[in-house]
Each structure stands twice: as C-alpha cells, then as structure tokens.
Protein chains: 4
Amino acid sequence: MITKNNILENNTAKKALHQKRFTPVADTLTDQGIDVESILKKLDTFQIAIPSWALGTGGTRFARFPEGGEPRSLEEKIEDVGLLHMLNASSNAISLHIPWDIPKDAKAIKELASSHGLLFDAVNSNTFQDQPDAKVSYKFGSLCHVDKHVRDEAIAHNKEVIDHGVALGSKALTVWLADGSSFPGQLNFREALQRTQDSLQQIYDHLPADWKVLVEYKPYEPYFYSMVIPDWGTSHLLASSLGEKALSLVDLGHHLPNTNIEQIVAILMMQKKLGGFHFNDSKYGDDDLTVASIKPYQFFLIFNELVDGMQNTKNPELSWMIDASHNLKDPIEDLIQAIEAIKIAYAQALIVDRAALKKAQATNDVSAAQEVLQNAFRTDVRALVAESRMRMGGAYDPLRTFRENQIRKELIAKRGLKTVATGL
Amino acid sequence: MITKNNILENNTAKKALHQKRFTPVADTLTDQGIDVESILKKLDTFQIAIPSWALGTGGTRFARFPEGGEPRSLEEKIEDVGLLHMLNASSNAISLHIPWDIPKDAKAIKELASSHGLLFDAVNSNTFQDQPDAKVSYKFGSLCHVDKHVRDEAIAHNKEVIDHGVALGSKALTVWLADGSSFPGQLNFREALQRTQDSLQQIYDHLPADWKVLVEYKPYEPYFYSMVIPDWGTSHLLASSLGEKALSLVDLGHHLPNTNIEQIVAILMMQKKLGGFHFNDSKYGDDDLTVASIKPYQFFLIFNELVDGMQNTKNPELSWMIDASHNLKDPIEDLIQAIEAIKIAYAQALIVDRAALKKAQATNDVSAAQEVLQNAFRTDVRALVAESRMRMGGAYDPLRTFRENQIRKELIAKRGLKTVATGL
Amino acid sequence: MITKNNILENNTAKKALHQKRFTPVADTLTDQGIDVESILKKLDTFQIAIPSWALGTGGTRFARFPEGGEPRSLEEKIEDVGLLHMLNASSNAISLHIPWDIPKDAKAIKELASSHGLLFDAVNSNTFQDQPDAKVSYKFGSLCHVDKHVRDEAIAHNKEVIDHGVALGSKALTVWLADGSSFPGQLNFREALQRTQDSLQQIYDHLPADWKVLVEYKPYEPYFYSMVIPDWGTSHLLASSLGEKALSLVDLGHHLPNTNIEQIVAILMMQKKLGGFHFNDSKYGDDDLTVASIKPYQFFLIFNELVDGMQNTKNPELSWMIDASHNLKDPIEDLIQAIEAIKIAYAQALIVDRAALKKAQATNDVSAAQEVLQNAFRTDVRALVAESRMRMGGAYDPLRTFRENQIRKELIAKRGLKTVATGL
Amino acid sequence: MITKNNILENNTAKKALHQKRFTPVADTLTDQGIDVESILKKLDTFQIAIPSWALGTGGTRFARFPEGGEPRSLEEKIEDVGLLHMLNASSNAISLHIPWDIPKDAKAIKELASSHGLLFDAVNSNTFQDQPDAKVSYKFGSLCHVDKHVRDEAIAHNKEVIDHGVALGSKALTVWLADGSSFPGQLNFREALQRTQDSLQQIYDHLPADWKVLVEYKPYEPYFYSMVIPDWGTSHLLASSLGEKALSLVDLGHHLPNTNIEQIVAILMMQKKLGGFHFNDSKYGDDDLTVASIKPYQFFLIFNELVDGMQNTKNPELSWMIDASHNLKDPIEDLIQAIEAIKIAYAQALIVDRAALKKAQATNDVSAAQEVLQNAFRTDVRALVAESRMRMGGAYDPLRTFRENQIRKELIAKRGLKTVATGL
C-alpha cells in the first residue's frame, strides 16, 4: 500500500512543474494586492468530514452496480478515510451513521482513527429504515409519528447515537428527519410538526453541554407529497425553539428547482443559525452527484457567502461534510474530486476583492460587482490548492497518485470484488 | 345598467332549475351527516376583496391588448367592483394601490363605495416604479436601498399610504417589496435584509393600534437573481421581529416550482402569523392566471388547511384578495370566474369529513385519507354556491347575467374603447 | 375468497342508493344535450392494463416497507389482477416484465389468465439491472453502450422478450431505456443516440407483423445528468426513423417541472405517433404516486386531448397501463383508486361540450372555453362510472368491497407476511 | 469619441502586463499538446451579432428604469454596435427587428454599417405586438390565428421583413412566434400547430435561395398555459416539414427548469437542423440576464457540444446572437461582458482534450471524463481571449476602456438623458 513517503517522493519529482504553475498565479494575485500566504494558511487548516457510507458504491431504487474492494467493516471504512486524508490532507474526520457503523469497542476504534490522523465528526441517526430486529416500524414516520411508542423508540435511538458519539469524541448530532407523507391528507401538517418539535426537544435535552444538534431539511424524498421539515424556514423554526445548541444544516441537493441557496446561507448566518453543510451537486433533484460537477459557479457563490459570513457574523463554527452517492465512479476517486472542488471554491472565495465588491454595492455598480466575482471565479487557483496540500503533506495530484499506485486493485485483492459496504 | 331588481327577477325565473340541481347534492351531503345550512351560512359571509388594478386589462413586458370600457378613475373602479358585488354578493371590499388610486376626497370616495355596499380592504404601497415627479429612483431597491435618502422616501411613502387608508377605513397595509438583485454580487444579502428590517420597523411604528401590516414574499421578478424577501421563511423572520401586528401574506403565484403551498399555510397558521392571501394561479412562474384555472386540487388543499387552521389555531382573521392579471379575458368576467372558483374550493373544504380524516390519520390509513379529501373535491358543490349567492341577493349565474345584459358593451359606450385603467 | 356472486348480491343491496345518485347527474347531462347511454358504452369497454410489478409494495433508494400477502409468483400476480378485474371490470390485461416474470409454461399461464378473463398487454424488457448470472453489465448503458458485446446482449434480451410475448398473445413491446449519464463528458450524446437507434432497429426488425414497439422517454433517473431518450422529441425522432410500428409512450411522471403534457399528447396524436400511456402522478419528480392524486385537472386535460385525438386524428389505438409505485398503500387498494380516477377523468372528458368548445375557440372567447372545460370537470361523474362498472359485473364500490371482505388479511394468511413480489 | 488609435495606444501601454499573463497559460497549454496559435485563429474570426433592441435599457412588466444616452434611431444603434465592435473586434453584425428598425434608405444604412465594419445578420419579425396603425390584432395569435385575415397579415409582414433583409444583405429570417394560450381550452393544440405550419410554409416559399429561416421555441411567456412552438421537438417537426432552409434556433432562456440544453444542441446538430443561438442566462425563467452570469459551466458544456458538432457533423454554419434584456446595467457594458463570456466559453471548449475525452468515454472512465472537461473549464483563458482581441485591433480591456473614456457620459451629452430606444 502507498505510504506518506511515496507521496513525498512523488511530490519532489513534481516540484519544478508545480512551481511553473504556482508562480504566475501567485504573482497575479500579489499584483492584485492579495496576501497569498494568508490564503494558503486558510486552505491548510480547512478540513471536510467524510461520511462512513461514502466509501461504498451507492445505487438508485432501480439498481446498484458495485465497484469491488468496498470496506466490509467500520475498521476498513476508517482505513479508506485515512488513505484519502493521506492523499489530500483535507479530510481529517469521519462521520458515522448509526446503526450502520456501531462501534463495538469505542476505544479501539478511536485509536485506529487516531493512528490515521482522524477525528470523529457529527454522528448521524437513522429513523428512515426498519432494522431487522426493529420493535416498531418507521413506515409512517418516526419523530412525527402519530403513535407515541414509535416516537419514543426514535427518540431513544437518537439519544443512543449521541452516546456513541460521546464515546468517540464527536461533538454534534445530525438529524436528517425523513418523515413526511406521500398523499394529501395522510398527515396533519401542524400536528406532525408539533410532535416533531416535542420529540426533538427530548433529544436536545440529552445533548452534552459542548454538543450541537444539526437539523437538516429536504423538500421531498423519501416521501413525495410533503416532508415534515421541508425547507430552511421550518428547520430554523425548530432550531430557534430548541435553543442555542440547535442549528440548521444545509444539504445542497435538498432544494426546489432554482432555489437561491447562497441567500439562504447568508440569512442563516445572519441569524447565527447555520450549523453546517452536506456537499454534493444536482441537476434535477437530490441527485447526490459530486459537488461542483454541475453548477460550480453557484457553489463558488455559496462559498463567497460563507467566507463573508465567517468574517462578518457571529455564526458558530461550521461543520463541513461530503454527502454524495457514488453510483458510477470509484468512491475514493469521487471523494478526491469532491475535496478538490471544495478547496477550489474556497480558494476562489478567499481571493474575492471584498473592498472592491463593497464599493460596487455601495454605488449600485452592477457591472463592477459582477466583474469582481467573475474575476475570482475565472482565476485558476488549482496551483494554490496544490501548494497548500503539499505543504500539509498531501499528494501533488491525489487522483493520479491513487491511480498510478493501483490502489483500487489492491483493495479488491484484499477485500474481494463482491463486497457491500454496511448500510448500502 | 343592470339593477338588483333585474337580478332578482332572473333568479326567480331560474328557481325550478336551481332546485333540481340543489336538492340532490344537499340530500347527498345530508346523508353524509353534513349540516348543509351551516355550510351555506359560512359561504354567505365569505367576502373577497378586489384590487383596484384588476379592473383593467393587464399585459406582459412584450405587449398589452386592451379590452375597452376600462375604468378611467377611482370612481369608475369602485363602480365596477360595485357591479361585481351586485352580481356575486361576495366581493364587498376594494383594495387600493397608491399612488395609482390616490383619493382626492376621501369622504366622498368612502360614501361612493358605501353606496355600492363596499368597504376598503388593505391598502397597497408601490416602491417598484419611479413616478414622473419622483425625487429618488427605486431602480436599485427601496426599503433595502444602500442610500438612506431612498429608504427614507420609501418609508415616508408607506406611511402616507397608511394615512390614506386610515381616511378610508382600511385596517391593513400590504407591503409587496419588489427589492432584489439581478446579478450575483449586486447586493449584500445580509445587509439588504437588515436595512429592510429597519425600514419596516419605522413603517410598523406608524401603524394605528387596530391595523396590521402584511409582508408579502416572492422568489423572483422583477429582479432575477435574488429578492430581499424571497420566501415564507424570510417573511416570517421579519414579521416575528416586527411584532404582533405584522403577518405574512401568501400570493399563490410567488413560489418556486412544485412548492407545497398548503403546508406553508398550515405552518404559518400554527405560528399565528398568516395574514392573508392573494389569489391567482400559475403553471410556470408568477403567471397571474385566474385562480384555480390550472391547479384546482391544490387550491382545494390550501382551503382545506385554511378551514382546518381557522377551526384549530389562534391565527388572526385572514384578508382575502384576488391578485391576477387579466390579459386576455374581460377583467370583470375573469373576476366573476375567480370568485366562483374560490367559493367552490371553500365549499369543498367545508364538506370535508374531518372526523373521518382524523381517524384515517391516526391509523395511518393513507387510502382512506385520500378518499376523504377526494370525496369532498369530487362533489359538485356549484348548486350550494349558487344557493348561498342567491340568498345574499346575487345572481343565479353571474357570468351569464353579465353577458346577457351586455354590460361590457355599455361600459365601452360610456367610457370608450381606448381607455387605460390608471396604473396599467 | 370473494366471488362474482358476492359482488352481485352487494350491488343489489346498493341499488336504491345508486339510483339516488345516478338519476340526477344523468338528468343534468341529458338536459345539456348529452347522450348518457353512449358515454356509458365507452366507459364499459375501457380497459387499463396492470403491470405485473404493481402487485407488490414498492420502495425508494432509502427503504422499502412491505405490506404482506404479496404475490410470490407469476401465478399469484395473475390471481391478483383477476381479483382486481372482478372488482372493477376495467383491468382485463396484465403487462409482464421480463426477466421478473418469465413464464415457464406459456400455455398454462395463458389459460390461467384466461380463466380470470385476462389478456396479456405489452411486454416490458429490462436492461437497467444486472441479473445474477449476467454475462455483461448494464452499469454504463445497454442499447447505447460503447461496447458492442453489451449492446448485442441487450438486443438479444429484447428479442427474447418479444418471443415470450408472442407465446402469450401480447401485441407490443415497451422499451423503457434507462441508459444515460450522470456526469458531463461521460457519454457522447450523438454517438450514444446513434448506437441506440441502431440497436432499436435490430429489435424492430424482430417484431411480428401485427406488433408495435413503444418507445418511452424520461428526462432523468436512474442517471442524473442525461438520459439517451430524455423527451418526446427524441422518442419521436427514433420512432419516426424506425417505422410505422414504432410509437412514443408517455409516462406521466417522466417530464421536467411544469411541462404541458396535454400538448405533447395532442402533437403526438397529430403525428399518428402516440402509442400509449403509463399512468401515475407526481408533485416533484418521477414520484410514481397514484394517478390523479396530485393534479387531477391536468389529468382531465390530458384525457380531453385523448378523446379529441381519438375522434379527430388517425392515431393508432392506444395502450393504457398503470405504472405507479405503491410504497405506503396496499397495492390492490391503490390500483382500485387509480382505475377509479382514470375512469372519472375519461368520463369527464367524454361529457365536454365539444361544439361549444369549438365555438369558443373560433371566436377567441377565452372565458367561455374555460367554462366548458370546468363545467365538465366540476360535474360529479362518479355515479356514471359506478353505473357502467355494475353493468359490466363489477362492484358498486370496489374499495369498500375489498375492505369489507378483508381480502388483504386472507392474502396474508395464504401467502405470508414477509413475501416479496419478484422484481421488488 | 474614442478612436481605433486610442485603443492601439492603450494596448501598447498594457503590452508588458498582457505578456506576463499570456505566456504562462500559453506555455501550460503547449505543455498539454495544444496548438495555441490555431486556437487564437478560431477566436479571431468568431463574431456574434448584436440585436438592434439591445442598445437600450430593457424593463419588466412592472417598470423600466432608463439609463440615458440610448440610441434614438437606427443610425444611432448602428453607431453603438460600431463602437462595441471597435472595442471587442467580435461583433461585426447587427440584427434588425421590424417594425422597430425599418430602414428608410436601405443603401445609406448599409453604407453606414459598412463604415463601421458591420454586416446585417438575421432579420426579426414581430407579430407579438399591435402596431398603432394595425389592421388586425395579434392579441390571440398571428401565424396560428383562427382568423385567416390575421394569419395573412402576419404572413405578409414576415415576407416584408425578408424583403427588408434582402435590401440590407441579410441571409436569414428569425421567427420567434409568440403565439399561444393562457387558459386550458383557449386553443386547439393540433389545429393551431397545423395553421402555424401552413403559415410558415408560405413564408418559407418567399425565402431567397441562399436564405435560411430560423424557428425559435419557448415554453411560456407571453402566454402562460401553452405556446404553439413550446420545445425543440415542435420546432424540429416544423423545420423538417418546411425543408432544408428551415432550422431550429435555441434561445438559452427558453427552457423548462433543469433542461439539459447541451444535449438538445447535440441532437439538433446530429440532425443537421441547428440554425443558431440567442445567448443569455437565467436562474428562474426567461430572465434575459447576461450570458454565463449565472451558469457558466453549463454554458461551457454547450460550447463543448458546439465545437464537437462543428467538427463532427454536417450541420450548416451557425448564427450567433446575443438576446438579453439590460435592465440594470449600461447596455453597452452588459454587451461587453456578454461577448467576453462567450469568447471565454468558446476558448475553453477549444482547449478540451478531445482525444482524452474520447478515450475516457470508450472505457466508461467517468472520473477521467470529468477531469478532462473540468481541466479545460478551470483554465484561465482570459489572456488568450485578450491576445486574439488585440491582434484583431480590439482593446486590451474593453470594459475599462469604455469606462475610462467616459463614453456613456458623452452619449448622454449627445443624445440626452430621457431617450428611449425604439421598440422599448
């Protein structure tokens, strides 16, 4: 298997080529009055969590076409994230999904992660599937269910997930509440929301003092008429009523067509209520494609708001996580492309000339405002991202390194061709 | 011109036919345990305001094709609403738009309205156009504008509109804030929203004790990248921060594709923050078509929530208004069709078997819940609506009455073929 | 189990109630100059095929919550369709999906179907999943695949499906081609379409003289960037190039937001190229909800075009099929509701006053045209549908009959609680 | 006013800076095996037509906020396009709209244009407005109208537009047919399409031998229920039935949400039926924003198909035109930004490594295909575009040159502040 040393050797071999690319863009930015070093520093410390379910091949309701070499256990998932982090130096945390990844020995798991330089990010509960031994069914909802027994079970499950997280050093619970209805009349909207609020309150009360709960929203799927938390407005209502530790979580794919997501980000940060992000991209619905593979400019605009909000609001620190479904691509390759796309957008947002933008806004100079943003977006910042990555010990070109070292082939040899990652 | 007497005579002529239609549906409902009389009473008192700009032919950015006989003054607009109310007995209020309809003599205008049985509903401000004598321009916004002078002008205008309303007996101000941006970077989302909130606060502070302010939202148009109040969540944020007299207003056409509007209605009522409605329908964008002409079932589902919310929440009394653009149809005919469609939906929502629905929901009996709603919607309630209308002195068939009496022809004779209603 | 006799007895018991409902609506229609008998005759002979996969509980990519008592074999699927047909007298055909329903003994299966009064409708091929013993993988497409071996396999499969259909008496092959791409660059659009056309030509050449091939289209899912046959235009291009036996198939859920499907229906019939329908409904994407449960007026407008096209074009006879996913409701109950909704829409389209509509169109009388369509849609035609159903031997109220006879309970007793229908 | 000489002097002053930016990107591309010179040559000859209505401030149905200095006559419009072409060397043609720009003296107008280096691109007819002296009204359609007199008038108008075009040296007629309906029932879809086809045939028969007719499509607006030519499928049907000189025209804003426009481009070119483009961008509907200001990656993907199609199909040569509405920005500035964005996308499409893309497609290497396209898109090609522009005599930085020379101020001084361009 590939080692840190291999990476460093290869980086040395690429040094001249890298300098040829890096110097001109650094010069151009310096000419524009930008402090390249300070931008690199921000890139250096930027870390995006990897969900444990992202290491296997995803599928649709119609079919699933596995890739081979998928991790068969939580230990192997941690191995894969470790590998990824070794390559890109930007994914130092793993986000577990319970019950798919229940750690039998939390201490051992924590040590394994630590040996790969990994922490545990937000833990995720699951009340959208019935487990084989389930006492109740979530067919008609969980936290919103009309039957108190089902709600109690779902609340208990969430508390248990928090407990698992505490044992691993997590500091947040993410609640993606899949509850909803597929036909008019099925649910009473108000009562379902009220029950959900009451259930969340009980979960909230179980949170340790230094924890957060992130409340996700989604307009449809797996239910096709209504979701109990369909939009940021409802998520914000709930988070506000719960208390300071409750925040909204934005998943990029969870919006109606044409939604201005960057504005939602700005408003939530203004309210100090943005908790974090699930990164992916989509053309039609919740397509779960690689982040920025479809609408990279919108993604840059979102980061533009994030950078602005991190500088100018009192919003708490954000959780960053990838949440895509790798149906056709090697999951690790897909994650490499995703991390690269996120860091490019972040770098572009960091080089926005905010003084010029502010001036254009103050004078309603629309053309100039557009120029400022497009100038940042059109700048090729890949060499900056590579520079930062190599400084942090990552690979000059993670995708190429992954391929040249035939890592998937090795994983298949080790784990087999017909494995299925738990939870898929 | 047609008189109350003409209408009553015609109703008498239609009595037998009406009974033939009314009796079976009344019997069917009675068989289902429904108290038909109580439903008729609710229909009797249901009134929908007519906006003053709805009496003329609307247009698109490409063209406008006037119909002829359009009202040339506020007095003639009142006349038209009076005529409408005489026909349908359900539109006893007019909603003015300032500065298109500034009453020179409030007392006289009030008396004229009163002589037609009309009240004055919410008054509407306009900061989306530059008036010929304007001191500032709203090209780049009004309440959100970066320039304090522009904001102050817009605030002063809104206060003035309240004052006009006070003189006429209105009890609410509707703020459709058209502010927004058409290109990324043009506006700072947070700062624009903050300025808007501050401006609204000043307007709010000018409200008489028994007034409300209704805060409308819209995702796009006239700006095409962002609107300052794009969705119910933002409207609700503003209304909450302003105080108890501030409420959200739902315009049916102001939503992204596929939005579940009925759920928004339910959530706002649950928060006691739904102020009222602008009725229209759309297939693509803010098409401003006749209400229920495209999606009558969704409209029924909205009324289903309204009826449920009026029975089971402490939401304040609602303002109802039509807000459509009559581009191709005779505006009065279009309004007749709109009022009919609204009352049909209301009647259908009133006959929903709520006990059966509640039971179906409590047992997750999805098929049964669907049956309950579809049973109400599939019931032909037109004879109920006609019965109530005739009891209140309206016409058996308002559209036919309007046509048979050749009222448009008379209006053209009186007012001319090439008139343009003020504001169009 | 319930018998024809039980149904007839129950119908007799409901006779008086039915007459009370039927007579007034028949009178009203007669008053409007409509020949009620001729409409009943059209309803009598209207039959909608049931796909073999509709008898089990469907799911999403997240979960599946089975109902119990699902058919475990093709024989039991036929039994279920037979039961359905006994109840509603409108579903006299079953549409098989290969390889989920390969008949081992075609003759015996045909006889079994015949004993239930059932025929075999269009057969469906499946090249969107890899079967356990598959020689090639459809992960990256089938008829469009870059590798000739895969295309040849997919072509051979389709020919085999035709052969199965021939043995059963089917007269059509439905091709839902799930091929597409999830990322820009993955496929060359032109080359993929060219390969698809060539593959379809080979399948077309295998069709018996009296067969049709129905070419379905879909904008996205299971691929999320492009589908090889995304819209009616592409389906029509292919069908035109293939020849007279090739026609387009419209699945209601396979359209982008806001699509005017009724216009597509009209244009395809004008070109004599509409082959048939997959009935379902949706609010967001390809939600596969019960037909007309979300947008019944659009569904009526589609039937309005179908009735008009069947009278005024030379379009070949149409294939009608339900294609929904019964995730939350008992599949048989859901199918009962679907058939009812289809017949209601058909009845409403049949009572449209076409002379009045034509006159309104000829004079650009938009209000009158709207009145004509709304008059038909607002008419409660349920008693007409019931009258026709009972004349044909079906039940007065199929859903109630299904429930009162506790048929699901019996099926569970017989087949078990944890069955999974083949293909789900 | 600014002269060619001013531009060349300024370019000389910027030479060193330009080289500093150009050399690294040229080197990088050369390293990738790309012939930079051949790409520059393609950029040199690329020309985009400017519509005559784009020189003034546009508006919405709600308001219009003029900028000042707008052209008051056809001559002044030509002057503005001449100025633009002097700045960017890429807009050597003007596209006229009749009757807004009827040339009184075609020869003189042609000479004026020629003196600015300008040709006449496609001429545009207008049957979506009633002119003051109109004998018939287009309120209810034109080429599709139920009344033959109206159709004949609309046909005659289109023939007249062709005649004007012939006098000026145009070679194409663009038909944007705004005909449609706003309410179900208003139009018979089939009959309206048949009448449209017949009308178009008469116009087609009037085309000179070396002319084309470009048939535009649009799903909605100015009608809000149906358009007679709603989609590429219908446009293609019409163009196919008319003959070889008829082609489809794609306006980027004329699509339903989420449409894969690049695939439509590919399919039309495969059919040899793509005639040209109207460039703009949109977030919600037909927003008419500056091209690539919202979705630059999709725009690049479209150009990727165009470049591929121009190399690998027999599609006729394409017409390129900007068609945006400059509501908030100085129209000339907006056009400068638009031309820049188009050339950037074209340059990025030209540097796509097509051999690598083909290889990735042939092996279903999805990650690699994505890398190829993203590599081209992420490359900062602005220095290439500038290099080509300066070689052709244009300005190093057209927007800055326009501003530094205070051209708008001069135009206002010359033409006045309250001018309105004809047609706006």
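Each chain gets a letter, A, B and so on, in the order its sequence line appears, and its residues count up from 1.
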Tell me, side chain or backbone of B/P222 under 4.5 Å from chain D's heavy atoms, or both, or neither? both
For B/F183, is it the side chain, the backbone, both, or neither that has a heavy atom closer than 4.5 Å to a heavy atom of chain D? side chain
Counting only non-hydrogen atoms closer than 4.5 Å, does D/I294 touch chain B with its backbone (N, CA, C, O), its side chain (CB onward), both, or neither? side chain
Which portion of D/P257 sits near chain B, non-hydrogen atoms under 4.5 angstrom: side chain
Scan the chain D/chain B interface and emit each donor-acceptor pair under 3.5 angstrom with its distance.
residue : atom : partner : partner atom : Å
D/R61   : NE   : B/E221  : OE2          : 3.0
D/R61   : NH1  : B/D288  : OD2          : 2.8
D/R61   : NH2  : B/E221  : OE1          : 3.1
D/R61   : NH2  : B/D286  : O            : 3.2
D/R61   : NH2  : B/D286  : OD2          : 2.8
D/R61   : NH2  : B/D288  : OD2          : 3.4
D/F62   : O    : B/Q129  : NE2          : 2.7
D/F65   : O    : B/K139  : NZ           : 3.0
D/Q129  : NE2  : B/F62   : O            : 2.7
D/K139  : NZ   : B/F65   : O            : 3.1
D/E221  : OE1  : B/R61   : NH2          : 3.1
D/E221  : OE2  : B/R61   : NE           : 3.0
D/Y225  : O    : B/Y284  : OH           : 2.9
D/Y284  : OH   : B/Y225  : O            : 2.9
D/D286  : O    : B/R61   : NH2          : 3.2
D/D286  : OD2  : B/R61   : NH2          : 2.9
D/D288  : OD2  : B/R61   : NH1          : 2.8
D/D288  : OD2  : B/R61   : NH2          : 3.4

